[in-house]
Amino acid sequence: MALLLVATLALGTCASKPPVTPEIAGPANPVRDAGKIRSADGREWRRLAADGLHDPQNDMLQFLQQPAEALGALPKGGPDGNQVDWAAALRTGAIEPRTNILPGTEIRVLDLDIVFTETAGQPYVVFPHRQHTEWLDCANCHPAIFIARRGANDFGMLDVLNGDYCGQCHGAVSFPLTECRRCHSRDK
Amino acid sequence: MRPATVLTCAIGLAGLVWLGEARSEYADVVLNRNSEAAGVRPVIYPHWFHRIRFRCKVCHHELGFIMRAGANRITMGDIYQGKFCGMCHDNEIAWGLENCGLCHSGRAGLKSGIQGGHKTLGPGRW
């Protein structure tokens, strides 16, 4: 899905480039699928023992949850990242993560969209405070990442790709930058 | 072409040739500042598992984890004092510290840092 969106966005401005066929995930294949677990809707996650990170010799490994077990039940997201639409997971109540563990912590939520318009050939970027403040506190972004004034932050896509501004979370933990259209969501 | 157009093409075409293979789960963090040198496996912290149970603000605001891989100078001593992972892994909010191998679960030789970060293969870190 993300690939197609990238393709659509890219081909709009790169008409001179030859067309490239995206990789298409074929049917189940025992060799390719070794070490993976497939969910009912066809998403696949590596087993921990085959993910290149976990030590298969660790006798406690069996007690850790396989990503497919938990993520396979959550709303489907793009093919990158966790393959989960975490915003939808929260909105639909598929998950109910705690907002605080200390009593008396103030839970701050804000419903305010900011539209970024310096997007060259791309659709405008809509930044929704509501979905962000459901997960994050104001202090996670203000003033650490963004000055809380419209237009006060001078940055572009290269900064985001470098892991700054939006890219501090998107690309690391939140949905990755291949999903252009989730940010570039408002047509001009 | 204007620079922005070139950028779009670079990112867009890089996206097309990406071959999604062999990676650990997105947003896992390896913590191996002292572990392996001290004779235990590197630590693997899974974001996907914790975010099902806690919003980001619990760790990155209430509990004070800095949002930069490697920026928190975590030691086992501090954890035993109830700091960092020890704020929850106390046999109350979550299972306790006697389960070494649940946290110390990484292969030898892993470098500290965020894992499985999906790259566009365009310019920049991501």
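Everything numeric in this text was worked out from a predicted model, so none of it was measured. Letters A, B, ... are given to chains in the order of the sequence lines, protein chains preceding strands, and every chain is numbered from 1.
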Which atoms of A/Val160 approach chain B - backbone, side chain, both or neither, heavy atom under 4.5 Å:
backbone

For A/Lys188, does the NZ atom sit with more than 12 other heavy atoms under 6.0 Å from it, leaving out its own atoms?
yes

Toward chain A, the part of B/Phe54 with a non-hydrogen atom under 4.5 Å:
both

In terms of hydrophobic clustering (I, L, V, M, F, W, Y; side-chain heavy atoms under 4.5 Å; direct or indirect links), are A/Val173 and A/Trp45 co-clustered?
no

Same cluster or not: B/Trp95 versus B/Tyr80, using hydrophobic residues (I, L, V, M, F, W, Y) connected whenever any side-chain heavy atoms lie under 4.5 Å apart?
no

Interatomic spacing from CD1 in A/Ile101 to SG in B/Cys88 - rounded to 0.5 Å
4.0 Å

Counting a contact as any heavy-atom pair under 4.5 Å apart, which residues of residues 127-136 of chain A contact chain B?
A/Thr133, A/Glu134, A/Trp135, A/Leu136

Of all of A/Val84, A/Asn100, A/Asp159, A/Asp164, which one pairs up most often with chain B through heavy atoms under 4.5 Å apart?
A/Asn100

Out of A/Gln83, A/Glu96, A/His54, which one racks up the most heavy-atom pairs below 4.5 Å with chain B?
A/His54

Hey, quick one: are B/Val40 and B/Leu97 part of the same hydrophobic cluster, counting side-chain heavy atoms closer than 4.5 Å, chains of contacts allowed?
no

Those residues of residues 55-63 of chain B, ordered by number, that approach chain A below 4.5 Å (heavy atom to heavy atom):
B/Arg55, B/Cys56, B/Lys57, B/Val58, B/His60, B/His61, B/Glu62, B/Leu63

I'd like to know which of A/Leu64, A/Thr99, A/Leu90 tops the heavy-atom pair count under 4.5 Å against chain B.
A/Thr99

Among A/Asn140, A/Leu61, A/Asp59, single out the residue with the greatest number of heavy-atom pairs under 4.5 Å to chain B.
A/Asn140

Interchain contact, B/Leu110 with chain A, by part (heavy-atom threshold 4.5 Å):
side chain

Quick one: what part of A/Ala68 sits under 4.5 Å from any heavy atom of chain B, side chain, backbone, both or neither?
neither

Are A/Ile37 and B/Ile52 linked, directly or through intermediate hydrophobic residues, by side-chain heavy-atom contacts shorter than 4.5 Å (ILVMFWY only)?
no

Of the backbone (N, CA, C, O) and the side chain (C-beta and beyond), which part of B/His50 lies under 4.5 Å from a heavy atom of chain A, both, or neither?
neither

May I have the list of side-chain donor-acceptor pairs in residues 64-78 of chain B shorter than 3.5 Å, sequence neighbours left out?
unit_1, atom_1, unit_2, atom_2, d
B/Asn72, OD1, B/Ile66, N, 2.8
B/Asn72, ND2, B/Ile66, O, 3.1
B/Thr75, OG1, B/Asp78, N, 3.2

A/Ala49 versus B/Arg107, closest heavy-atom pair with distance
O-NH2, 3.8 Å

Quick check on the hydrophobic clustering: are B/Leu102 and B/Tyr45 connected, directly or via other members, by side-chain heavy-atom contacts under 4.5 Å?
no

Interface moiety of B/Asn99 toward chain A, non-hydrogen atoms closer than 4.5 Å
both

All heavy atoms of B/Gly101 vs all of A/Asn58, minimum pair found to be O-ND2, 2.9 Å

Side chain, backbone, both or neither: which part of B/Val29 has a heavy atom under 4.5 Å from chain A?
neither

Does B/Ala37 have any side-chain contact (heavy atoms from CB on, under 4.5 Å) partners at least two apart in sequence or in another chain, and if so, which?
none

Is it the backbone or the side chain of B/Ile44 that comes under 4.5 Å from a heavy atom of chain A, or both, or neither?
side chain

Which atoms of A/Gln66 approach chain B - backbone, side chain, both or neither, heavy atom under 4.5 Å
backbone

Would you name the heavy atoms of B/Trp48 and A/Gln65 that are closest together and state the gap between them?
CH2-O, 3.6 Å

Measure from the side-chain N and O atoms of B/Trp126 to the backbone N and O of A/Gly167, and report whether any donor-acceptor pair falls under 3.5 Å.
yes

Closest non-hydrogen atom pair, A/Asp55 against B/Gly106
CB-O, 3.5 Å

Kindly compute the distance separating CG (B/Asp28) from CG (A/Leu53), expressed to the nearest 0.5 Å.
6.0 Å

Can you name the nearest heavy-atom pair linking B/Tyr26 to A/Phe175, along with the distance?
OH-C, 4.0 Å

Surrounding CG of A/Asp154 (heavy atoms of other residues, nucleotides or ligands, distance under 6.0 Å), is the total greater than 12?
no

Looking only at heavy atoms and a cut-off of under 4.5 Å, which of A/Asn82, A/Ile95, A/Asn162 has the most pairs with chain B?
A/Asn82

Minimum heavy-atom separation for A/Ala172 to B/Ile114, with atom names?
O-CD1, 3.9 Å

Any idea which of B/Arg41, B/Arg53, B/His47 has the most non-hydrogen atom pairs under 4.5 angstrom with chain A?
B/Arg41

Around atom CZ of A/Arg108, are there more than 12 heavy atoms from other residues, nucleotides or ligands closer than 6.0 Å?
yes

Proximal component of A/Leu48, with respect to chain B [non-hydrogen, under 4.5 Å]
neither

Most contacts with chain B, counted as non-hydrogen pairs under 4.5 angstrom, among A/Thr105, A/Ile107, A/Thr119
A/Thr105

So B/Phe49 and A/Leu71, side-chain contact (heavy atoms from CB on, under 4.5 Å) or not? Walk me through it.
CA-CA 9 Å; B/Phe49 182 94; A/Leu71 303 181; over 6 Å; no

